[in-house]
Amino acid sequence: MEGNRAPASKDKENCLSFDEFLPYMGEFGLYQKRLVVYLIPFFFLWAFIYFTQIFLIVVPNDHWCRIAELQDLSKEEQLKLGIPKVKDEYNKCFMYDTNYTEALDRNLTTADENWPQKPCKVWIYDKEQVPYESIATQYNWVCQNDHLGPYSVTIYFLGSIVGGLIFGYAADHWGRLPAVMLSNLCALIGGLLSAFCNSFLWFSITRFVVGLALNNCCIPVDGMPAFKVSTRSNKFLIDYLLSACCLFAALDCIMVQ
C-alpha cells in the first residue's frame with residue numbers, strides 16, 4: 001500500500017495555488033461582481049456614519065449675539081447697531097451693553113464704539129450658510145464653549161479605536177458576519193440616541209457608541225471580494241470601485257443635510 005502512494009513532496013508540487021487556478025474559475029466574473037454589489041450598502045452606511053459627525057456639530061461662520069430689541073432688523077442692521085468690531089470683523093462673542101429701544105427711537109443705525117460691551121448669552125446663526133440646526137447651534141457651542149465640538153470628535157474617534165479592538169477580536173473568533181452585524185447595531189443605536197441628546201455628556205456617550213462602528217461596519221467584509229479576484233483586478237476593485245461607492249454615499253449625506 002505504501003509503495004503505491006506518491007511522495008508527499010510530489011503532491012505539493014501538483015497542488016496549484018489559489019492565484020494559479022483562479023483564471024480557470026474567473027478572475028473577475030459574475031460571482032465577484034455580485035459580491036461587490038452586495039457590499040455597496042455597507043459602504044453607504046460607512047459614509048453616513050463617518051460624515052454625519054461633521055454635520056451634527058457644524059456652526060455657521062456668521063453668528064452674532066441675539067438682541068431682542070433688534071430682531072425685526074436685517075442682519076446688516078443688527079450687526080452695525082449692536083455688535084462691536086474686532087480687526088474689521090464683527091465680534092461673535094460680545095455685544096454692546098446699551099438701551100437699544102432708546103437707540104431705535106433716536107433712529108440710530110450705527111453703534112458708538114465707546115459704548116460698554118458685555119458677553120453674549122444667546123446667539124443668532126446665519127441660516128443661509130447652514131440651513132438646519134445642529135446640536136452645536138442648538139446648545140450654543142460657540143465662544144467660551146467652542147471646544148465642545150472638537151472634543152466630541154475626539155471622543156468619536158476614541159470609540160473607533162476601541163471598536164477596532166473589540167470587533168477585530170470578534171471577527172477573528174466568531175466570524176466576519178457577527179462582527180459586521182454588531183458594529184452596525186452600535187451605529188444604529190448610537191445614531192438614533194444622538195438625535196435626542198440635550199447635553200454634551202450624553203452626546204459624547206452616543207457618539208462614542210457610533211464611533212465603535214466606524215470602519216468596523218465595513219472592513220470585516222470588504223476583504224471578501226478582494227481575496228477572490230486576481231491581483232490585477234485588486235487595484236480597480238479596491239482603489240476605484242469601492243472608493244466611488246464611498247464618494248457617492250458622501251454626496252448623498254451632503255444632499256440629505
In sequence, state the C-alpha distance, the side-chain angles, and the governing distance for Leu212 and Val162, and then conclude on side-chain contact (heavy atoms from CB on, under 4.5 Å).
CA-CA 6 Å; Leu212 294 173; Val162 176; 4.0 Å; yes
Given ring-ring contact (aromatic ring centres under 6.0 Å, His included), test Trp202 with Phe196 step by step and report yes or no.
CA-CA 9 Å; Trp202 285 110; Phe196 300 97; over 10 Å; no
Please walk me through it: do Phe203 and Leu56 pass side-chain contact (heavy atoms from CB on, under 4.5 Å)?
CA-CA 10 Å; Phe203 182 73; Leu56 286 176; 4.1 Å; yes
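The minimum heavy-atom distance linking Tyr156 with Arg207 is given by the pair CD1-O, 3.3 Å. Contact detail for Ile67 and Gly82: the closest heavy-atom pair is CD1-CA, 3.7 Å. Looking at every heavy atom in both residues, Ile83 comes nearest to Tyr90 through O-CD2, 3.6 Å. Considering all non-hydrogen atoms of both residues, Ala213 and Ser183 come closest at CB-O, 2.9 Å. The nearest pair of heavy atoms linking Gly149 to Ser152 is O-OG, 2.5 Å. Across all non-hydrogen atoms, the minimal contact from Tyr96 to Asp112 is CE2-O, 3.7 Å.
Remark: side-chain polar atoms of Gln129 are paired, donor with acceptor, to backbone N or O of Asp62 under 3.5 angstrom. Under a 3.5 Å cut-off, the side chain of Thr154 and the backbone N or O of Pro150 do form a donor-acceptor pair. A donor-acceptor pair is defined here as one N or O able to donate and one able to accept, closer than 3.5 Å; no such pair exists between the side chain of Glu69 and the backbone of Thr101. A side-chain donor-acceptor contact under 3.5 Å links Ser134 to the backbone of Val58. Under the 3.5 Å distance criterion, the side-chain polar atoms of Tyr132 are matched with a main-chain donor or acceptor of Phe55. No donor-acceptor distance shorter than 3.5 angstrom exists from the side chain of Thr137 to the backbone of Glu133, with no hydrogens or angles considered.
Between Asn99 atom CG and Arg106 atom CZ the span is 9.5 Å, to the nearest 0.5 Å. Distance check: Ile155 CD1 to Thr206 OG1 gives 10.0 Å after rounding to the nearest 0.5 Å. Note that SG of Cys197 is 10.0 Å distant from CD of Gln138, once rounded to the nearest 0.5 Å. Annotation: the span from Asp97 atom CG to Met95 atom CE amounts to 7.0 Å, rounded to 0.5 Å. Residue Cys93 holds its SG atom at 10.0 Å from CG of Asn145, rounded to the nearest 0.5 Å.
Both Trp141 and Ile54 are part of a single hydrophobic cluster, where members link through side-chain heavy atoms under 4.5 Å apart. A continuous path of hydrophobic side-chain contacts links Leu108 to Leu70 [ILVMFWY only; heavy atoms under 4.5 Å]. In the hydrophobic cluster analysis, where Ile, Leu, Val, Met, Phe, Trp and Tyr join through side-chain heavy atoms closer than 4.5 angstrom, Val210 is grouped apart from Leu188. A continuous path of Ile, Leu, Val, Met, Phe, Trp and Tyr side chains, each step under 4.5 Å between heavy atoms, connects Phe208 with Val153, placing both in one hydrophobic cluster. Cluster membership check: Leu182 does not share its hydrophobic cluster with Ile189, using side-chain heavy-atom separations under 4.5 Å among Ile, Leu, Val, Met, Phe, Trp and Tyr.
Using cut-offs of 30° and 60° for the angle between ring planes, the His173 and Tyr169 rings count as parallel.
For the pair Lys75/Leu79, a side-chain contact is recorded, criterion being any heavy-atom separation below 4.5 Å from C-beta on. Side-chain contact between Ile57 and Tyr151: absent, with no pair of heavy atoms (C-beta onward) separated by less than 4.5 Å.
Sparse packing is recorded around CG of Asp72, with 12 or fewer heavy atoms of other residues, nucleotides or ligands lying under 6.0 Å away. For Gln71, the CD atom sits in a packed shell: over 12 heavy atoms of surrounding residues, nucleotides or ligands are nearer than 6.0 Å.
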Contacts table for residues 115-124: side-chain donor-acceptor under 3.5 angstrom, sequence neighbours left out:
unit_1	atom_1	unit_2	atom_2	d
Trp123	NE1	Lys92	O	2.7

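Every side-chain hydrogen bond (donor to acceptor under 3.5 Å, both in side chains) that Asn140 has, sequence neighbours left out, goes to Tyr125.
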